[in-house]
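Atoms considered below: every heavy atom in the structure, side chains included; atoms not considered: hydrogens, waters and symmetry mates. We count ligands from 1, going down the list as the structure has it; atoms in each ligand are counted the same way.
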Amino acid sequence: MATFRQRALDEAASHKTGRYFAEDGPVSKYFGQNVLDLDKMRGYMSQQAYEAVLAAVKFGAKLDRSVSNEIASGMKAWAIEMGATHYTHLFHPLTDSTAEKHEAFISVKDGKAFEKFNGSALVQQEPDASSFPNGGLRNTFEARGYSAWDPSSPVFIMDGTLCIPSVFVSYTGEALDTKVPDLKSLQALSNAATSVANLFDEGVKAVKVNLGIEQEYFLVDEALYNARPDLMLCNRTVIGHTSAKDQQLEDHYFGAIPSRVSSFMKDFETEAYKLGILLQTRHNEVAPNQFECAPVFCEATKAIDQNMMLMILMQKVAEKHHLKVIFHEKPFDGVNGSGKHCNWSIMTDTGVNLLSPGSTPTKNLQFLSFYASVLRAVYRHHYLLMTSVATLSNSYRLGGHEAPPAVMSVFSGSTLYGVFQAIMNMKEIDVDASSQESIKIVNSIPEIFPDNTDRNRTSPFAFTGNRFEFRAVGSSQNVASAVYVVNSIVAESLNEFRAEVDALEAAGEDRSSAVMTVVRRFITQAKDIMFEGNGYSREWEEEASARGLRAVRNVPEAYEVYHEEATVDLFRNLGVLAPNEVEARFEILNETYVKKLQIEARVMGDMCLNHVIPAAVRYQNILIENVKGVKEIFGDTSLCAAEISTLKEISTYINNVSADVEALVEARKKANRIADIAERAKAYSHDVKDMMDKVRDSADHLEMLIDDETWPLPKYRELLFF
Ligand code: ADP
Ligand code: MG
């Protein structure tokens, strides 16, 4: 057998199951030990400094320079006690990963060593950020990008380093990360939701978003991963024939967790607990070697930070287990891809979940107000919302018959759907009779109990009893870029909701009647986004298009939504992103798309020329020798019809692969000559991608024809089963 693959398989077989991060005692003993939460902070600084932090956390107050030194020195004291030697500002650049640059605490003055970390290092950092994507917002010669601690996320220790969750902005203040717009969208949503909640309860002062982020992933043995250039460089296989058995028997989902995986899970859970990440569920997913974990939901910023930390931490822990965690949305053709279901809900500072139906008419009216506003938001911006999860890697998954479809819709469940139908079918409310009538309909729905088991797994945006589950988010994505879109569109809708109610009230309608009128208006306007059936079906595709819903079929084409007035206005009016920041994001998205596809195409070309074709030629030669030998002995080749037929097939595919790789290189070069990045991305998405499909087809045929001993790359059946 090809020695490289054989060695990888031997090495993989030698990898043992074990625990490397086990802790004694109950989890509560070490939960959160590596996080400096508010409680612990109190012990490391004066009351005045602590209160400044508290105000920053609770009300977003700015941290005063006068206390930042003291806060920094408190953090340093704690970090050193915990054995940390370095600190880093951890931020979320526009690359869907996190970035960190470590600085040592150690300093020397007058020949004496001491640990130094002052306020200016905490609230402002100036990394040489010239190589982070900035979409033209920052010229390289003024490469300064500033990162500053976001007090809504506590600092923590990972790997002996004090990690400071930070925002990242340009010298002139534009957002260069996903966190800044996220924080702004949370503020906009809080304002809008509070004003609507005040229609029912004057006591509400703020509204926060809760997120529960389910993380799906694949695990692959490290040795096999290292033997696949595509996995190493692209996190997905660009060639590879499907395994005879993969997920057809549906025996993996919720099956027994393999012991090697279960040890890995327990280890990363232990490490996550120390960081205060409350992981709650773990299970097998649909595809072989695919798994999922989910924490208990918490406030949005924290949930997002924790998800990013979790991804880093899982990868670190996996090293010890000789595993690689694959977060890519579609690492393997033919089996399910991975998502990151984002459970989203909103809650008042008085502890009321605004998406939880209540048992009284008022509570129901409040619930309906918020639900209707979400519905209309999703309807109006359905294309933008779908585009918020459109990346190259997620595009391999979306629209397949296992993942959320490419077109947005909202699933409400039969009970609620019935309620909405009743509301819509109600006669026009005339002002006089209105209060009676609307109250009646509210009263006629004394209690709404959406059935939690009424789940529709084919819906990209499904209501699940007290929250919406945005299921189209990609597993490798930083959910922030999807979440600030959800927050923004809902904030816009709620602002309009309140304005319309106010207008009706000003015209003399009483409140509950006015609210009911607007609820009905919103639901009626948004009715086309509601869909209760099978989102994967062809009928829905047709129906959605008949309803005028736009599907994201091509990623760079979808990015054009960032040029639409409705999008630019949305972000500008709410103060989430200025038009130049939106434009920058548009550029970065296209640039990232091109670069990633370029890498994939190059890796594919290399693998075909350096792995596949040489292996095919070797086997071709074996067959040729064989045919020659048969002829020598028997005088003719009639006895080797099978070999000759295989030989012909192999020769044809070798020619195809070779010609198609050449065409792929040409397609790339041609696309590269297009100056406009958005147009270049489109050329890549059509010409380069189409050519890649062709190359893959021939390469995968060769895998089936060539002697297993000769094939150089670990096969799907080897990668996908422990
Ligand atoms: P399923 O796979 O059935 O969707 P999971 O238990 O895997 O369910 O994940 C559900 C996620 O939703 C968890 O992270 C959970 O904490 C979160 N969640 C539950 N209630 C809410 C809520 N009100 N708001 C936001 N997230 C929630
Ligand atoms: Mg789920």
>> I'd like to check which ligand 1 atoms, numbered from 1 as shown, lie under 4.0 Å from a non-hydrogen atom of E469.
In response: 4 (O)

>> Can you tell me which residue among T301, D305, N478 is in a side chain to side chain donor-acceptor pair (under 3.5 Å) with K179?
In response: D305

> Could an N or O of ligand 1 be found under 3.5 Å from any N or O of P295, whether backbone or side chain?
Replying inline: yes

>> Is it the case that ligand 1 has an N or O less than 3.5 angstrom from some N or O of Q280?
In response: no

> Backbone or side chain, does any N or O of V296 fall under 3.5 Å from an N or O of ligand 1?
Replying inline: no

> Going by the order shown, which atoms of ligand 1 are within less than 4.0 Å of some heavy atom of N353?
Replying inline: 23 (N)

> In this structure, which one of F332, F327, F291, F721 forms a ring pair (Phe, Tyr, Trp, His ring centres under 6.0 Å) with F218?
Replying inline: F332

> Does any N/O atom on N210 come nearer than 3.5 Å to any N/O atom on ligand 1?
Replying inline: no

> Which of these, S345, S356, C342, has its nearest heavy atom closest to atom 23 (N) of ligand 1?
Replying inline: S345

>> Nearest non-hydrogen contact with atom 10 (C) of ligand 1 belongs to which option: H341, E214, E285?
In response: E214

> CG of N235 to OG of S393: how many Å apart, nearest 0.5 Å?
Replying inline: 9.0 Å

> How would you list, by chain and number, every residue that makes a ring-ring contact (aromatic ring centres under 6.0 Å, His included) with F420, sequence neighbours excluded?
Replying inline: Y371

> Any non-hydrogen atom of H283 lying under 4.0 Å from ligand 1?
Replying inline: no

